[in-house]
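Working notes, beginning with the structure itself.
Note that this is a predicted model, so its numbers are computed, not measured.
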Amino acid sequence: MLGFVIFLSLNFYLSAAVITCPTGKFKCNSGSCIAQNWKCDGDRDCDDGTDELDCNVNGNWGGWNGWNRCSKTCGGGRTYRSRLCNNPSLFAGGLDCNGVSRENSSCSSNVCPVNGNWGRWNGWTRCSKTCGGGRRTRHRTCNDPSPIAGGLDLNGNWGRWNGWTGCSKTCGGGRRTRHRTCNDPSPIAGGLDLNGNWGRWNEWTGCSKTCGGGRRTRHRTCNDPSPIAGGLDCNGVSRDDSSCSSNVCPGIIRMPSMLYITTQVTWCIMP
């Protein structure tokens with residue numbers, strides 16, 4: 001009886017030692033231990049294959065990416081964003097993510113700007129006089145189409161009047177005329193962009209030195225006119241540099257590649 005009891009205790013001890021695996025190990029049903037990261041790796045590392053059981057992992061959506069750029073800047077466009085089924089990804093027969101991987105949306109619903117265009121001239125009004133020279137007028141409207149949502153109106157601005165012509169008669173009532181042009185700026189007909197043009201240069205700054213060679217600068221601005229409605233910016237530079245005060249400073253003789261300080265040396269022989 002004593003030997004029987006000892007046999008059972010020894011068997012229980014050996015069984016317990018076999019099925020206990022260290023931390024970071026996976027226990028196979030056969031009693032062996034394998035690395036934990038070998039489980040569900042697609043290989044049968046356990047003799048009985050228990051490391052590849054219950055390995056199916058259902059997929060789950062990751063976060064949405066940012067919205068793509070809208071297909072239009074006005075008038076209604078489309079944009080989209082996407083996400084991946086990778087949090088985690090499905091594995092070993094697990095279920096795919098439920099839902100859509102791409103989401104669409106409308107964007108840029110603001111009304112597009114429309115530049116105005118002149119309609120037809122109305123008829124002339126009746127002359128202000130029946131003889132001796134009168135005046136009459138006619139009008140037109142910027143409505144073909146009218147400017148919309150910040151579109152440019154086409155009203156230009158008058159430049160200066162030219163001088164008067166000579167009179168058509170020397171007595172008895174004659175006519176003379178003068179003209180001006182709508183060019184300050186010109187009307188932007190048909191919605192065309194207006195390119196910028198340089199204004200005048202400012203005055204030169206003071207020279208950085210009074211002698212020996214310095215630098216000075218001047219500036220100009222792209223405002224004659226400024227670019228409008230996508231027109232091109234001015235071509236060229238807004239800053240100009242120049243040398244100045246190139247006169248030789250007093251007390252210095254300038255020679256090629258060398259500078260000599262003017263001094264006076266007296267030699268003498270000590271007794």
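Although no hydrogens or angles enter the test, the distance criterion places a donor-acceptor pair under 3.5 Å between the side chain of K39 and the main chain of L53. The closest donor-acceptor contact from the side chain of S208 to the backbone of R215 lies under 3.5 Å. The main-chain N or O of R102 is never found under 3.5 Å from a side-chain atom of S82 such that the two would form a donor-acceptor pair. Side chain of S71 to main chain of R78: a donor-acceptor pair is present (N/O by atom type, distance under 3.5 Å, no hydrogens or angles). At distances below 3.5 Å, at least one donor-acceptor pair connects side-chain atoms of S245 with backbone N or O atoms of K209. For W61 (side chain) and N98 (main-chain N/O), a donor-acceptor pair under 3.5 Å exists by modelled atom type. Under a 3.5 Å cut-off, the side chain of D51 and the backbone N or O of D45 do form a donor-acceptor pair. In terms of modelled atom types and a separation under 3.5 Å, the side chain of S238 and the main chain of H219 share no donor-acceptor contact.
Between W204 and S242, the closest side-chain pair of non-hydrogen atoms falls below 4.5 Å.
Less than 2.5 Å separates the SG atom of C85 from that of C97.
Using a 4.0 Å cut-off between charged side-chain N and carboxylate O, R81 and E103 make a salt bridge.
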Candidate pair S105 and W67, rule side chain to side chain contact (heavy atoms under 4.5 Å, CB included), full reasoning = CA-CA 9 Å; S105 177; W67 289 102; 3.5 Å; yes
key: Audit row: C46, F26, side chain to side chain contact (heavy atoms under 4.5 Å, CB included) steps and yes/no   = CA-CA 9 Å; C46 291; F26 172 76; 3.9 Å; yes
ask   = Are T50 and D48 close enough, and set up right, to give a side-chain hydrogen bond (donor to acceptor under 3.5 Å, both in side chains), and what steps lead you there?
value = CA-CA 6 Å; T50 52; D48 54 8; 2.9 Å; yes
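Side chain to side chain, N104 and Y80 fail the donor-acceptor criterion of an N or O pair below 3.5 Å.
Annotation: the span from C211 atom SG to N247 atom CG amounts to 6.0 Å, rounded to 0.5 Å. With rounding to the nearest 0.5 angstrom, the CZ atom of R136 is 8.0 Å from the OG1 atom of T125. Rounded to the nearest 0.5 Å, atoms OG1 (T221) and CG (N202) are 6.0 Å apart. Here the CZ atom belonging to R200 is positioned 8.5 Å from the CG atom belonging to D224, to the nearest 0.5 angstrom. The OG atom of S109 sits 12.0 Å away from the NZ atom of K72 when rounded to the nearest 0.5 Å. Put simply, CG on L90 and CG on N60 are 11.0 Å apart, with the number rounded to the nearest 0.5 Å.
Across N58 and P88, no two heavy atoms sit closer than the pair O-CG, 3.8 Å.
Within 6.0 Å of CZ on R126 lie no more than 12 heavy atoms contributed by other residues, nucleotides or ligands. Shown here is R69, whose CZ atom has no more than 12 heavy atoms of other residues, nucleotides or ligands within 6.0 Å.
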